[in-house]
Amino acid sequence: MLGHLAGLVKVRVVRGVNLAVRDLCSSDPYVVIRMGKQRLKTRVVKKSTNPEWNDELTLSIEDPAVPVKLEVYDKDTFVDDAMGIAELDISSLVEVVKMKLEGVADKTVVKKVVPNRQNCLAEESTIYISEGKVKQDLVLRLRNVECGEIELQLQWIDIAGCKGL
């Protein structure tokens with residue numbers, strides 16, 4: 001399997017902002033990230049519509065064209081309630097990785113991605129170099145729900161001995 005890997009993306013699920021109320025006066029949210037057959041999950045934050053996760057999840061990237069799907073749920077005893085979905089395109093991040101930038105000053109913004117009808121961005125997203133790593137900060141507006149946004153940070157991780165991009 002490692003022969004087909006392009007690399008890894010570390011997804012830091014930073015926090016949720018103004019998430020929907022699904023219990024009496026709050027929610028117990030968690031995030032599920034899917035890409036292809038991969039499924040990763042954050043921990044549950046009890047009684048919060050503005051949860052702070054700062055959970056790091058790592059996706060194996062075989063095909064950068066496959067969208068990353070993000071689903072937010074409210075943890076319940078029997079059936080977890082949906083709290084919105086979002087989709088994320090990592091192709092812009094991969095484009096910057098392919099540039100193989102070296103010796104670039106820390107915090108240099110390489111590319112900006114603007115919100116449009118095809119993406120779930122709530123605001124402009126920047127792709128930048130930090131400590132020699134390609135990173136992207138995003139705020140995703142959740143769909144199929146009355147309110148809520150999720151803040152993420154992506155970081156590309158090259159894998160030694162792998163074909164790469």
Side-chain angles (χ1 to χ4, degrees), residues 5-20 27 29-36 38-45 48-73 82-159 162 164-165:
L5 261 147
L8 301 172
V9 170
K10 187 188 300 178
V11 181
R12 173 182 280 148
V13 182
V14 180
R15 66 189 184 125
V17 178
N18 192 28
L19 298 182
S27 293
Y30 66 93
V31 177
V32 173
I33 294 179
R34 297 178 195 269
M35 183 181 201
Q38 299 173 81
R39 181 183 185 276
L40 306 168
K41 188 176 130 177
T42 66
R43 63 193 163 78
V44 175
V45 175
S48 180
T49 54
N50 294 294
E52 300 271 344
W53 286 288
N54 274 315
D55 284 6
E56 288 189 355
L57 310 169
T58 304
L59 289 168
S60 304
I61 308 301
E62 292 181 27
D63 181 357
V66 173
V68 177
K69 295 180 187 324
L70 185 132
E71 302 162 345
V72 183
Y73 292 98
M83 295 176 64
I85 60 170
E87 212 169 80
L88 164 62
D89 179 4
I90 63 163
S91 61
S92 295
L93 180 75
V94 172
E95 283 173 28
V96 173
V97 170
K98 285 182 178 177
M99 292 178 190
K100 302 206 181 301
L101 301 170
E102 290 182 25
V104 177
D106 212 34
K107 304 289 185 218
T108 299
V109 173
V110 180
K111 186 172 185 157
K112 293 183 179 186
V113 184
V114 296
N116 62 40
R117 289 180 185 208
Q118 280 70 49
N119 65 35
C120 292
L121 292 175
E123 57 190 48
E124 186 175 81
S125 169
T126 56
I127 301 173
Y128 58 97
I129 306 299
S130 176
E131 299 167 1
K133 307 268 188 209
V134 178
K135 296 184 178 182
Q136 181 175 9
D137 293 335
L138 307 110
V139 178
L140 299 178
R141 182 169 288 121
L142 295 173
R143 294 180 175 166
N144 300 345
V145 69
E146 56 273 21
C147 59
E149 295 176 349
I150 299 289
E151 291 183 20
L152 302 173
Q153 183 185 71
L154 306 180
Q155 178 184 317
W156 184 264
I157 302 169
D158 281 316
I159 304 170
C162 153
L165 296 171

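Computed from a predicted model, the values in this text were never measured in an experiment.
- Counting only heavy atoms from C-beta outward, the side chains of Ile90 and Met35 approach each other to under 4.5 Å.
- Atom OG1 in Thr58 sits 6.5 Å away from atom CG in Leu8 (nearest 0.5 Å).
- With hydrogens and angles ignored, the 3.5 Å screen pairs a side-chain donor or acceptor of Ser27 with a backbone N or O of Ala20.
- The minimum heavy-atom distance linking Tyr128 with Val109 is given by the pair CB-CA, 3.9 Å.
- From Asp63, atom CG reaches atom CD1 of Ile61 across 9.5 Å, with rounding to the nearest 0.5 Å.
- Among all heavy-atom pairs drawn from Val114 and Asn119, the shortest one is O-ND2, 3.1 Å.
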Go through the steps for Val44 and Tyr73 under the test side chain to side chain contact (heavy atoms under 4.5 Å, CB included), then give the verdict.
CA-CA 9 Å; Val44 175; Tyr73 292 98; over 6 Å; no
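- A pairwise comparison of heavy atoms in Glu149 and Leu19 identifies O-CD2, 3.8 Å as the closest pair.
- Under the 4.5 Å side-chain criterion, counting only non-hydrogen atoms from C-beta, Lys112 is not in contact with Ser125.
- Under the side chain to side chain contact (heavy atoms under 4.5 Å, CB included) criterion, Glu95 pairs with Lys111, not counting sequence neighbours.
- Rounded to the nearest 0.5 Å, atoms CD (Gln155) and CD (Glu131) are 8.5 Å apart.
- Of the possible donor and acceptor atoms, one in the side chain of Asn50 sits under 3.5 Å from a partner among the backbone N and O of Asn18.
- Contact check for Ile129 versus Val134: side-chain heavy atoms found under the 4.5 Å cut-off.
- The shortest side-chain heavy-atom distance between Asn54 and Val14 falls under the 4.5 Å cut-off.
- Here NZ of Lys135 is found 11.5 Å from CG of Leu93. Values are rounded to the nearest 0.5 Å.
- Side-chain atoms of Leu88 and Leu152, non-hydrogen and from C-beta on, do get closer than 4.5 Å to each other.
- Counting only distance, with no hydrogens or angles, the side chain of Asp55 and the backbone of Arg43 share a donor-acceptor pair below 3.5 Å.
- Put simply, the side chain of Val113 does not reach to within 4.5 Å of the side chain of Leu138, judged on heavy atoms.
- Under the salt bridge (charged side-chain N to carboxylate O under 4.0 Å, His left out) rule, Glu151 has a single partner from Arg15, Arg141, Arg12, which is Arg15.
- A donor-acceptor pair is defined here as one N or O able to donate and one able to accept, closer than 3.5 Å; no such pair exists between the side chain of Asp137 and the backbone of Gln153.
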Before you tell me yes or no, could you show the steps for Val45 and Glu52 under side chain to side chain contact (heavy atoms under 4.5 Å, CB included), namely the whole-Å CA-CA distance, both residues' side-chain angles and the distance that decides it to 0.1 Å?
CA-CA 8 Å; Val45 175; Glu52 300 271 344; over 6 Å; no
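- In this structure, Ile150 and Trp53 have side chains that are in contact, with non-hydrogen atoms separated by less than 4.5 Å.
- In this structure, Leu57 and Leu59 have side chains that are not in contact, with every pair of non-hydrogen atoms separated by 4.5 Å or more.
- Closest heavy-atom contact between Ala86 and Leu142: CB-CD2, 4.3 Å.
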